[in-house]
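These notes are about the structure you will find just below.
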Amino acid sequence: QVQLVESGGGLVQAGDSLRLSCAAASGRTFRSYAMGWFRQAPGKEREFVAAISWSGDSTYGADSVKGRFTISRDIAKMTVYLQMDSLKPEDTAVYYCATAQILTSRLGEYDGWGQGTQVTVSS
């Protein structure tokens with residue numbers, strides 16, 4: 001199982017940008033997995049944000065973030081990124097990354113969750 005550590009969260013204003021990073025501890029297995037970003041707001045269920053294939057050739061995101069968030073991965077650095085632009089107050093949540101055997105938005109297909117990083121967007 002790959003150990004993951006998220007970073008890059010913070011407090012920003014609406015319209016600002018942030019880039020989240022998800023660093024993997026194991027390079028060999030990191031290359032084998034699809035990666036996903038999820039988020040969880042207080043009192044709400046964890047929801048899918050974006051995912052990327054093991055090769056980085058395929059990506060897709062939730063409708064709520066399309067055109068604003070971009071997922072990418074750097075295999076050499078064993079890191080997955082989530083570039084978040086035009087942030088809105090409703091993007092406020094703890095953001096988590098995780099691994100999956102396939103490219104999917106299904107929460108149950110993911111494991112190896114990191115500890116999360118808080119993103120707060122003020123209006």
Side-chain angles (χ1 to χ4, degrees):
Q1 191 173 37
V2 180
Q3 291 183 317
L4 303 171
V5 178
E6 301 96 335
S7 62
L11 172 63
V12 297
Q13 294 186 333
D16 286 350
S17 297
L18 277 176
R19 188 177 77 159
L20 305 183
S21 299
C22 171
S26 171
R28 181 174 62 87
T29 53
F30 174 77
R31 297 179 179 90
S32 303
Y33 292 102
M35 300 291 296
W37 283 98
F38 287 74
R39 65 188 181 186
Q40 188 165 17
K44 295 187 177 182
E45 295 184 350
R46 192 167 297 190
E47 65 174 4
F48 171 75
V49 176
I52 188 166
S53 63
W54 69 269
S55 66
D57 290 342
S58 299
T59 65
Y60 76 104
D63 289 342
S64 59
V65 305
K66 283 182 179 178
R68 299 189 301 122
F69 291 10
T70 303
I71 188 171
S72 62
R73 71 191 297 169
D74 186 328
I75 294 176
K77 294 183 178 180
M78 299 185 295
T79 302
V80 173
Y81 303 99
L82 185 68
Q83 177 67 40
M84 306 187 296
D85 299 319
S86 302
L87 282 161
K88 304 175 181 180
E90 51 263 44
D91 294 319
T92 295
V94 178
Y95 283 71
Y96 300 89
C97 63
T99 61
Q101 297 292 338
I102 58 174
L103 184 62
T104 179
S105 62
R106 296 181 60 183
L107 179 64
E109 297 288 342
Y110 285 85
D111 59 15
W113 296 91
Q115 84 291 345
T117 185
Q118 176 71 47
V119 172
T120 304
V121 184
S122 64
S123 57

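Since the structure is predicted, the reported quantities are computational estimates derived from the model, not experimental observations.
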Looking at Ser58 and Leu103, what are the two nearest heavy atoms and their distance? CB-CD2, 3.7 Å

Pair Lys66, Asp63 - check salt bridge (Lys or Arg N to Asp or Glu O under 4.0 Å), show working. CA-CA 5 Å; Lys66 283 182 179 178; Asp63 289 342; 3.2 Å; yes

About how many Å separate CD1 of Ile52 and CH2 of Trp37, when rounded to the nearest 0.5 Å? 11.5 Å

Donor-acceptor list for residues 76-83 side chains, cut-off 3.5 Å, not counting sequence neighbours:
unit_1 : atom_1 : unit_2 : atom_2 : d
Thr79  : OG1    : Lys77  : O      : 2.8
Gln83  : NE2    : Asp85  : OD1    : 2.9

Spacing of Arg19 atom CZ and Met84 atom CE [to the nearest 0.5 Å]: 11.5 Å

Is a side-chain N or O of Thr120 found less than 3.5 angstrom from the main chain of Thr92, in a donor-acceptor match? no

Could you note down all residue pairs passing disulfide (SG to SG under 2.5 Å) where residues 85-123 supplies at least one of them, sequence neighbours left out? Cys22-Cys97

Sequence neighbours excluded, the answer for ring-ring contact (aromatic ring centres under 6.0 Å, His included) partners of Phe48 is Phe38, Tyr60

To the nearest 0.5 Å, what is the distance between CD (Glu45) and CG (Leu107)? 8.5 Å

Just so I know, are the side chains of Tyr110 and Arg46 near enough to count as touching, which here means a heavy-atom distance under 4.5 Å? no

Kindly compute the distance separating OG (Ser21) from CG (Leu4), expressed to the nearest 0.5 Å. 12.5 Å

Distance, nearest 0.5 Å, that separates CZ of Phe69 from CG of Leu20: 8.0 Å

Give a yes or no answer on whether the side chain of Arg73 reaches the backbone of Ser53 with a donor-acceptor pair at less than 3.5 Å. yes

From Glu6 CD over to Tyr95 OH, what is the distance, rounded to the nearest 0.5 angstrom? 12.5 Å

Less than 4.5 Å apart, side chain to side chain, heavy atoms only: is that true for Thr99 and Met35? yes

Kindly give the heavy-atom pair with the smallest separation between Val49 and Val65, and that separation in Å. O-CG2, 3.5 Å

Specify the closest pair of heavy atoms between Ser123 and Pro89, including all atoms of both residues, with the distance to one decimal. CB-CG, 3.8 Å

Minimum-distance pair of heavy atoms, taken over all atoms of Val5 and Gln115: CA-OE1, 3.8 Å

Residue pairs, two or more places apart or on separate chains, that pass disulfide (SG to SG under 2.5 Å) and touch residues 51-84: none

What's the shortest heavy-atom distance between Ala93 and Ala41, and which atoms? CB-N, 3.8 Å

Would Asp91 and Arg68 satisfy side chain to side chain contact (heavy atoms under 4.5 Å, CB included), going step by step from the backbone distance to the final call? CA-CA 11 Å; Asp91 294 319; Arg68 299 189 301 122; 2.7 Å; yes

Sort and list the pairs that fulfil disulfide (SG to SG under 2.5 Å) and have at least one residue in residues 38-87, not counting sequence neighbours. none

How far apart are the closest heavy atoms of Asp111 and Ala98, and which atoms are they? O-CB, 3.4 Å

Disulfide (SG to SG under 2.5 Å) contacts in which one or both residues fall within residues 54-93, not counting sequence neighbours: none

